[in-house]
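Data block below; observations after.
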4 protein chains.
Amino acid sequence: MLDRQEKRQAENPLESREPRWRRRKDDRPKEIMDAALALFLENGFSATRLEDIAARANVTKGTLFIYFTNKDDLFQSLIREGMSQMDSFREASRLNVRVSAQETLLFITNNWWKFLTDSDFGKLPKLIISEAANFPDITTLYLEQVVIPTRAMIAEVISQGIASGEFIQVDPKLAARVFLAPLFMLLTWRYSVAPFEKEAIDDLEYINTHLKITIQGLLAKA
Amino acid sequence: MLDRQEKRQAENPLESREPRWRRRKDDRPKEIMDAALALFLENGFSATRLEDIAARANVTKGTLFIYFTNKDDLFQSLIREGMSQMDSFREASRLNVRVSAQETLLFITNNWWKFLTDSDFGKLPKLIISEAANFPDITTLYLEQVVIPTRAMIAEVISQGIASGEFIQVDPKLAARVFLAPLFMLLTWRYSVAPFEKEAIDDLEYINTHLKITIQGLLAKA
Amino acid sequence: MLDRQEKRQAENPLESREPRWRRRKDDRPKEIMDAALALFLENGFSATRLEDIAARANVTKGTLFIYFTNKDDLFQSLIREGMSQMDSFREASRLNVRVSAQETLLFITNNWWKFLTDSDFGKLPKLIISEAANFPDITTLYLEQVVIPTRAMIAEVISQGIASGEFIQVDPKLAARVFLAPLFMLLTWRYSVAPFEKEAIDDLEYINTHLKITIQGLLAKA
Amino acid sequence: MLDRQEKRQAENPLESREPRWRRRKDDRPKEIMDAALALFLENGFSATRLEDIAARANVTKGTLFIYFTNKDDLFQSLIREGMSQMDSFREASRLNVRVSAQETLLFITNNWWKFLTDSDFGKLPKLIISEAANFPDITTLYLEQVVIPTRAMIAEVISQGIASGEFIQVDPKLAARVFLAPLFMLLTWRYSVAPFEKEAIDDLEYINTHLKITIQGLLAKA
DNA sequence: GATGAATGAGCTTTCATTCAT
DNA sequence: TATGAATGAAAGCTCATTCAT
């Protein structure tokens with residue numbers, strides 16, 4: 001067809017014989033999602049350029065579209081991927097029969113905390129909060145699959161504690177939210193403002209302080 | 001990502017006669033910042049178009065540049081404006097001498113809560129969290145002017161409580177963070193995920209549950 | 001916001017004081033459609049770049065999107081605009097009472113030909129043919145508003161000629177198509193292959209030859 | 001513009017056993033050209049993706065480049081291939097000595113028509129018209145090899161008819177074009193707008209009406 | 001030969017910003 | 001001051017073409 005110039009740069013023939021690219025079909029989506037997660041988390045969805053995601057994943061822009069329909073799809077895929085990690089965790093931590101409600105809360109919290117630190121799952125809250133209005137489907141999904149079940153689990157433990165006389169009379173649902181708030185805050189803060197703080201705190205000490213105060217606050221007087 | 005909805009108000013079909021009063025020029029920047037705050041809060045900085053801000057403020061795009069150097073400046077101005085509201089609040093609530101540490105915490109919390117609900121100040125945490133990495137200066141400013149002083153104030157009260165034997169032995173700084181977390185979470189959640197929840201909670205009951213548990217958790221056994 | 005460099009080229013201060021652009025709100029759409037029509041006609045819809053259209057209309061790419069939603073919209077607008085020219089023509093040529101069918105055919109043809117040559121209307125057939133499958137709505141519209149009425153008009157005249165004994169027995173609908181074919185071909189050819197022909201023909205002589213043969217062919221023997 | 005439809009054929013769910021015959025390599029180019037012709041004809045050259053051509057030819061994108069240098073080459077090859085079919089036709093219809101010019105015109109037309117309907121040759125006019133400006137070499141080739149010889153052949157018959165007194169005095173070149181126009185229009189229309197018409201016409205009746213009128217129009221009065 | 005993952009140039013589209021009015 | 005038409009840089013996305021497999 002008329003008027004198409006080939007502007008190929010002559011490749012340096014002395015350059016090392018590295019292939020221009022390598023096939024990585026199976027690994028690519030994960031590599032891309034990892035890169036995108038890091039950038040979306042830091043800069044937000046809109047402010048992140050696909051070019052930067054591509055560069056961080058060591059591919060070119062075009063490659064992104066082999067694996068994801070568009071930028072939105074990439075975002076949603078990555079959230080779903082992060083959420084799916086919860087399933088395997090849930091299965092692994094099923095056998096949590098404890099003698100007391102407070103022990104159960106301790107067990108759950110420590111267990112979760114390890115998981116949140118090791119996986120991408122703990123990065124989702126900051127992302128969800130920032131993009132909630134722009135991705136209502138994802139927000140609703142996260143609510144239904146993560147937030148509500150987690151609250152319910154904690155509320156159930158607290159209910160049992162109240163029923164057995166171990167805990168004081170409180171609304172278990174509200175108490176569950178209060179119990180989860182410091183964990184939620186830690187995750188949100190960590191991926192946003194915390195890098196700008198001069199003094200870093202020790203996450204574990206923070207959580208232990210939280211558990212000490214809150215469980216103490218839930219316990220009925222002996 | 002959600003398409004940007006055109007939410008233009010239906011234009012008044014009646015030929016408006018000479019208005020009885022004319023908007024004072026000096027109100028324009030505030031109107032623009034209000035419009036921008038609402039949209040930045042909902043959609044984030046990058047995903048919000050100046051055109052939408054202008055429409056919400058009933059001006060045209062060009063007008064924004066009369067009052068603000070650029071989009072960044074508008075964002076920073078609006079955060080500073082929100083932060084400045086804290087000063088007048090601080091002054092109003094200075095005389096907070098209480099007989100006990102727990103009463104002081106209750107007083108401070110109730111006082112703050114009223115303020116956070118009435119002003120734009122309570123909208124800042126969600127915004128700061130979302131845009132932290134993109135506006136490091138603002139983030140640092142917010143840390144220094146808001147976060148650190150607030151934590152310090154709470155930590156001081158807790159320190160006094162510990163010193164007087166009213167509270168148990170905890171790290172006051174960590175305890176202050178734990179104490180603030182449920183409030184922080186409430187504000188963050190309210191402007192992001194909460195609109196998607198089927199069951200709304202009553203903020204006041206939530207805070208009271210928090211205070212009940214946390215202050216109970218801080219109190220030394222009688 | 002972080003990381004946005006201003007890369008404005010310093011304008012030559014000695015350059016003439018021509019304004020960078022001039023407001024032409026009312027004229028722009030027509031100018032753009034004219035440019036687009038010429039390029040779509042020559043290269044086809046897909047092969048035409050918006051950049052070229054903009055250049056031909058002496059605007060920048062961005063300006064196109066002030067007046068048209070997207071490239072498709074520009075195409076469709078321009079076809080509709082071309083079709084709308086037919087309405088004013090129709091009105092102007094309404095009083096066509098003739099003594100004989102053959103005179104009516106001559107009158108209509110000459111009239112149409114002048115119109116087709118003077119307006120953009122005559123450029124539509126080539127465009128419609130090339131893009132028919134890609135713009136089914138436009139194709140259907142053109143069929144209903146232009147093709148079918150035009151055929152019907154000619155068929156009606158032929159019918160009357162047959163009824164009065166002036167013309168031989170033929171299917172008026174098919175005869176109408178045969179009658180229109182040379183005109184259609186001329187228009188299609190003119191904007192595609194004709195520029196590559198070494199010997200140009202005189203359009204008027206071609207049409208007169210057509211009329212001479214075809215009307216002669218329709219006339220019943222005396 | 002119409003979205004590109006994925007028209008993948010449902011894959012055969014039965015594990016195909018060893019086929020009784022294997023496709024000969026030499027058929028591949030033809031299969032690819034067939035697929036490409038169909039899609040170029042419908043959507044135009046630029047709007048047709050090589051991926052769609054490959055899918056229709058049951059090969060993959062890369063395979064196209066084994067047989068054709070690039071997309072342009074595929075287009076040109078396919079036009080040349082279509083044109084080459086004319087040669088074998090010409091040879092088969094050489095012996096066309098007739099007693100009268102009108103009989104010769106009838107014979108030629110009927111002969112051509114059969115050929116145009118059976119081969120891909122009749123699809124070229126629509127393609128050439130649409131892509132003329134983008135492929136000047138092809139356009140020139142088609143003019144020289146097809147258009148001009150065909151016109152010349154018809155003009156020659158008409159000349160002889162005039163010389164023998166069988167036909168009226170007309171410019172044979174122009175008359176040839178007029179004579180060919182309905183055939184040309186039929187072919188062009190068939191592969192563009194015709195699929196959108198509610199009432200299909202019978203091609204043969206149309207051609208017969210054309211021959212009836214036009215030959216009648218050429219014949220000198222007895 | 002055949003594949004299809006990867007490339008990269010180039011396209012359409014967006015939108016913060018400018019500036020003639 | 002206020003407007004909004006126009007700009008132009010940059011974003012998202014497409015797709016012909018290449019090349020490791």
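Nothing here was measured: the structure is a model prediction, and the numbers come from that model. Atom set for the values below is all heavy atoms of this structure, side chains included, hydrogens, waters and symmetry mates excluded. Within every chain, numbering begins at 1; the chains are lettered A, B, ... in the order of the sequence lines, protein sequences first and strands thereafter.
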(message) Test of understanding: with side-chain contact (heavy atoms from CB on, under 4.5 Å), list the residues that count as partners of B/Leu141, not counting sequence neighbours.
(response) B/Arg80, B/Met83, B/Gln145

(message) Rounded to whole Å, how long is the line connecting atom CZ of B/Arg49 with atom P of F/dG4?
(response) 15 Å

(message) Test of understanding: with side-chain contact (heavy atoms from CB on, under 4.5 Å), list the residues that count as partners of A/Ala38, not counting sequence neighbours.
(response) A/Arg56

(message) How many whole angstroms separate atom CD1 of C/Ile53 from atom P of E/dC11?
(response) 12 Å

(request) Considering just the side-chain nitrogens and oxygens of D/Tyr67, establish if one lies under 4.0 Å of OP1 or OP2 belonging to E/dG1. (result) no

(request) Give the rounded distance in Å between these two atoms: CD1 of C/Ile66 and P of F/dG8. (result) 12 Å

(message) If you define the side chain from C-beta out and look only at heavy atoms, does anything of A/Glu131 sit under 4.5 Å from A/Ile138?
(response) no

(message) Would you compute the distance between atom CG of C/Leu127 and atom CZ of C/Phe75 and round it to the nearest 0.5 angstrom?
(response) 5.0 Å

(message) I want to confirm an ordering. Mapping B/Gly62 and C/Leu50 to their closest nucleotides on DNA chain E, which one lands closer to the 5' end?
(response) C/Leu50

(message) Considering every strand and a 4.0 Å limit on heavy-atom distances, what is the contact class for A/Ser46: base, sugar-phosphate, or nothing?
(response) nothing

(request) May I have the distance from D/Asn58 (atom CG) to E/dT3 (atom P), rounded to whole angstrom? (result) 10 Å

(message) Please classify the nucleic acid contact of B/Thr69 as base, sugar-phosphate, or nothing, using heavy-atom distances under 4.0 Å.
(response) nothing

(request) Tell me whether the OP1 or OP2 atom of F/dT7 has a side-chain N or O from C/Thr63 closer than 4.0 Å. (result) yes

(message) In this structure, how many angstroms lie between the P atom of E/dA2 and the CD atom of D/Glu31, rounded?
(response) 11 Å

(message) Taking 4.0 Å as the cut-off, does a side-chain nitrogen or oxygen of D/Arg28 come that near to OP1 or OP2 on E/dG1?
(response) no

(request) Treating a pair as Watson-Crick (purine N1 to pyrimidine N3 plus N6-O4 or O6-N4) or G-U wobble (N1-O2 and O6-N3) with both distances under 3.5 Å, list the stems of 3 or more consecutive pairs that involve DNA chain F. (result) E:2-21 with F:2-21

(request) Specify the separation, in whole Å, of atom CG of C/Leu74 and atom C1' of E/dT13. (result) 14 Å

(message) Among residues at least two apart in sequence or on other chains, which ones pass side-chain contact (heavy atoms from CB on, under 4.5 Å) with A/Ile66?
(response) A/Thr63

(request) Find which nucleotide of DNA chain E each of D/Thr60 and C/Phe65 is nearest to by heavy atoms, and output the residue with the more 5' nucleotide. (result) D/Thr60

(request) Whole angstrom is fine here: how far is it from CG in B/Asn43 over to P in E/dC15? (result) 12 Å

(request) Examine the base of E/dT17 for any acceptor or donor lying under 3.5 Å from a partner atom in the side chain of B/Lys61, and report the outcome as yes or no. (result) yes

(request) Could you tell me which residues satisfy salt bridge (charged side-chain N to carboxylate O under 4.0 Å, His left out) with D/Asp73, sequence neighbours excluded, listed by chain and number? (result) none

(message) Quick check on DNA chain F: between C/Leu64 and D/Asn70, whose nearest nucleotide comes earlier from the 5' end?
(response) C/Leu64

(request) Starting from P on E/dT14, measure out to CG on C/Asp73 and report it in whole angstrom. (result) 12 Å

(message) If the condition is ring-ring contact (aromatic ring centres under 6.0 Å, His included), which residues does C/Phe68 pass it with, not counting sequence neighbours?
(response) none

